[in-house]
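Fair warning: this is a prediction, and the values are worked out from it, not measured in the lab.
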Amino acid sequence: GCLGWLLAIVILALVVGAIVYAVKQKIDHANDNKPSPVPGPPGAIDKKYADALKIAMQFFDIQKSGELVNNKISWRGDSGLKDGNEANLDLSKGMYDAGDHMKFGFPMAFTATVLSWAILEYGDQMAAVNQLEPAQQSLKWITDFLINAHPKDNVLYIQVGDPDLDHKCWERPENMKEKRPLTQVNITVPGTEVAAETAAAMASASLVFKTSNSAYSSTLLKHAKQLFNFADKYPASYSENIPEVATYYNSTGYGDELLWAASWLYHATGDRSYLDYATGENGKQFASWGSPTWFSWDNKNAGTQVLLSRLSLFGAKGVSGNSGLRNYRSSAEGVMCGLLPKSPSATSSRTDGGLVWISEWNALQHPVASAFLAALYSDYMLTSQTAKITCGDHSFKPSDLRKFAKSQADYVLGKNPLKMSFLVGYGDKYPQYVHHRGASIPADATTGCTDGFKWLDSTEPNPNVAVGGLVGGPFLNETYIDSRNNSMQAEPTTYNSALIVGLLSSLVTTSSAVKSFT
């Protein structure tokens, strides 16, 4: 009798447990399909990311060429004041590319486009920690240069300096005396990638300044339209037409820049022809729909996919039924699925510490760029009340994307096996031997072209801190050689700074995404 009662109790417990489990699963499933709340205005500030953003923003000041206004960097002064003289142009502004003194127009324009995008999406969050104005000032320093570099509809100056000559010198930019030749693209020698990227930079920047400086915004938009027409009308790779640029910034194709520029011009103008350009036959030819790519200075497709996804997610007027836009959104979700560690299609190219790792050279560009896109897509989902994305038989919430974005930012800031920050000036431990001419030479030293190499080879840490520079980063085995001669790992770049500024701005606090840039 007792055994029978015991058996009955066990069976009853199993039945009750099964019912409870089924109800819980149903509730969990319902919650999975329920959108997360829409964030309000900027909320509580995360001090870690706020401090890092303030540091990252300073590298733009370190990289500035020209007559410095309100110079905040004690060891920097005026430089490159005669840049552009041979063409009777003022190309003194702009920013040096990395640890050298070259002005490469292709990555510099990308810097401006990404910085514009960050300001447009996260300007309120930048403002919450007093970084919006510095971001706008740095952007304008670049766009002033780009405007002057475009003196005629079909002429664009894309480079200042001779990289071979520049790299044979190790000196402060303030002491440069070498020739600074100019390189241009034009009808005879076209270069679609750099013209289209510059169009994207100017179109996106025109949105940044639309309210605060409408005349400047209109000037930028005029140049953007002209450059896009030039890029589209004379399709040719700048790397093929000007082979010497391929050593440093070789382009793997120009189709992605055309789509990127057209997308930004649509946002800036509302002109449907630009959207049709990006979503029609050109999209089929160049967009790599269904084939996830890595966002970088060379390949803009993942960025365009995320940028155009905001139109379908936010139900922009007059775009319903656009099959091209659906392809962009599904492709953007494919990119996100590749980033999420628990996704069936997650990339296996990661360090043991969780950093997405694609390239030995400048390894941090891809994870930081990917994390920036993930943060954007997460915020688009929250604001549009999109509950989840589906990756194979798994589904993921906006919070999963934000968690990934934070993981990459945290790795950069010191949550890694080396316990070292790769953002110079942040934390207690960061690179001391950054590959950067200005940072490595004492401000009061007088050097010529070649005698400055003693500072490159010095065993002493840099006398000046390249505050805010994001160095190249770790090897796949998570080692880092802190040496000035290790340009593969120890050299910061200006475009990396735009990407880390965008990522950190997204994490400073939470805020709903703007539904329209205009």
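- At distances below 3.5 Å, not a single donor-acceptor pair connects side-chain atoms of H267 with backbone N or O atoms of T269.
- Of the possible donor and acceptor atoms, one in the side chain of T192 sits under 3.5 Å from a partner among the backbone N and O of A231.
- Side-chain contact, Q159 with Y248: no donor N or O sits under 3.5 Å from an acceptor N or O.
- Counting only distance, with no hydrogens or angles, the side chain of N416 and the backbone of M420 share a donor-acceptor pair below 3.5 Å.
- To the nearest 0.5 Å, atoms OG1 (T493) and CG (L499) are separated by 8.0 Å.
- Heavy-atom contacts from other residues, nucleotides or ligands closer than 6.0 Å to CG of D428 number 12 or fewer.
- Residues A268 and L207 come closest through the heavy atom pair CA-CD2, 3.8 Å.
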Subject >> Pair N85-R180, side chain to side chain donor-acceptor pair (under 3.5 Å): steps then yes or no >> reply: CA-CA 9 Å; N85 277 9; R180 306 267 291 165; over 6 Å; no
**OP:** May I have the step-by-step check of side chain to side chain contact (heavy atoms under 4.5 Å, CB included) for S251 and D298, ending in yes or no?
**Re:** CA-CA 6 Å; S251 169; D298 178 39; 3.8 Å; yes
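- Residues P163 and T247 are not in side-chain contact: their nearest non-hydrogen atoms beyond the backbone lie 4.5 Å or more apart.
- Side-chain contact of N486 with Y433: a donor-acceptor pair under 3.5 Å is absent, judged by distance alone.
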**OP:** Please report the C-alpha distance between E491 and V434 in whole Å, then the side-chain angles of each, then the deciding distance to 0.1 Å, and finally whether the side chain to side chain contact (heavy atoms under 4.5 Å, CB included) criterion is met.
**Re:** CA-CA 6 Å; E491 186 170 19; V434 178; over 6 Å; no
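- Atom NZ of K429 has more than 12 neighbouring heavy atoms from other residues, nucleotides or ligands inside a 6.0 Å radius.
- No side-chain donor from either of S440 and N462 sits under 3.5 Å from a side-chain acceptor of the other.
- S458 contributes no side-chain N or O that, together with a main-chain N or O of W455, makes up a donor-acceptor pair within less than 3.5 Å.
- Counting only N and O atoms by type, the side chains of S505 and Q131 include no donor and acceptor under 3.5 Å apart.
- Of all heavy-atom pairs spanning L120 and S204, the tightest one is CD1-O, 3.9 Å.
- Nearest approach of M108 to G94, heavy atoms of both residues: SD-CA, 3.9 Å.
- Between the side chain of Q432 and the backbone N or O of Y430 there is at least one donor-acceptor pair closer than 3.5 Å.
- No side-chain donor-acceptor contact under 3.5 Å links D61 and N71.
- Annotation: E133, atom CD; neighbour count of heavy atoms from other residues, nucleotides and ligands within 6.0 Å does not exceed 12.
- A disulfide bond (SG atoms under 2.5 Å apart) check over residues 98-135, counting only residues at least two apart or in different chains, returns nothing.
- Heavy-atom minimum distance, S138 versus M95: O-CE, 3.5 Å.
- With W260 as the fixed residue, the ring pair (Phe, Tyr, Trp, His ring centres under 6.0 Å) test singles out one of W117, Y254, F228: W117.
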Subject >> Working for side chain to side chain contact (heavy atoms under 4.5 Å, CB included), residues L373 and L376 >> reply: CA-CA 5 Å; L373 295 186; L376 285 167; 4.3 Å; yes
Subject >> salt bridge (Lys or Arg N to Asp or Glu O under 4.0 Å) between D410 and K406, worked out >> reply: CA-CA 6 Å; D410 290 346; K406 281 189 171 184; over 6 Å; no
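- The list of salt bridge (Lys or Arg N to Asp or Glu O under 4.0 Å) pairs with a residue in residues 244-258, not counting sequence neighbours, reads E257-K300.
- Judged as a side-chain hydrogen bond (donor to acceptor under 3.5 Å, both in side chains), the pairs with a partner in residues 97-108 (not counting sequence neighbours) are, in order, S65-K103, D83-K103, D97-Y249, D100-H167.
- For the atom pair CE (M126) and CD (E121), the distance works out to 10.5 Å, reported to the nearest 0.5 Å.
- Side-chain contact check for Q125 and S506: no donor-acceptor pair (N or O, by modelled atom type) lies under 3.5 Å.
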**OP:** Would you sort out whether Y157 and Q184 count as a side chain to side chain donor-acceptor pair (under 3.5 Å), showing the intermediate values?
**Re:** CA-CA 4 Å; Y157 286 87; Q184 65 169 269; 3.2 Å; yes
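- Donor-acceptor pairing under 3.5 Å is lacking for the side chains of W170 and T447.
- Two rings, from F104 and Y96, have their centers 6.0 Å or more apart.
- Atom CD1 of residue I242 and atom CD of residue E240 lie 11.5 Å apart, to the nearest 0.5 angstrom.
- Atom-to-atom distance recorded for Y274:OH and S263:OG is 12.0 Å, nearest 0.5 angstrom.
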**OP:** Given salt bridge (Lys or Arg N to Asp or Glu O under 4.0 Å), test E174 with R76 step by step and report yes or no.
**Re:** CA-CA 8 Å; E174 294 80 3; R76 279 301 325 277; 2.6 Å; yes
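- Taking every heavy atom of both residues into account, P492 and H436 meet most closely at CG-CD2, 4.4 Å.
- The two residues A112 and A201 come nearest to each other via the heavy atoms CB-CB, 3.9 Å.
- Note that the CG atom of L146 and the CD1 atom of I158 stand 12.0 Å from one another [nearest 0.5 Å].
- Within 6.0 Å of NZ in K48 there are more than 12 heavy atoms belonging to other residues, nucleotides or ligands.
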**OP:** List the steps and the verdict of ring pair (Phe, Tyr, Trp, His ring centres under 6.0 Å) for F110 and F295.
**Re:** CA-CA 11 Å; F110 176 68; F295 185 46; 5.5 Å; yes
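- The backbone N or O of I441 lies less than 3.5 Å from a partner atom in the side chain of N464, making a donor-acceptor pair.
- Within the 6.0 Å centre-distance limit, the rings of Y480 and F422 are counted as a close aromatic pair.
- Side-chain contact check for P367 versus W357: every heavy-atom pair is 4.5 Å or farther apart.
- Between the side chain of Y238 and the main chain of A195, no donor-acceptor pair closer than 3.5 Å is present.
- Listed for the Q305 side chain is a donor-acceptor partner under 3.5 Å among the backbone atoms of A287.
- Under the 6.0 Å distance and 45° angle rule, K140 counts as a cation-pi partner of Y216.
- In this structure, R310 is positioned above the aromatic face of F517, its NZ or CZ under 6.0 Å from the six-membered ring centre and within 45° of the axis.
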**OP:** Starting from the C-alpha separation in whole Å, work towards a yes-or-no answer on side chain to side chain contact (heavy atoms under 4.5 Å, CB included) for W75 and I62.
**Re:** CA-CA 9 Å; W75 48 273; I62 286 172; 3.6 Å; yes
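- Taking CZ from F453 and CG from N485, the interatomic distance works out to 9.5 Å, rounded to the nearest 0.5 Å.
- Inspection of the D271 and S273 side chains reveals an N or O donor paired with an N or O acceptor under 3.5 Å.
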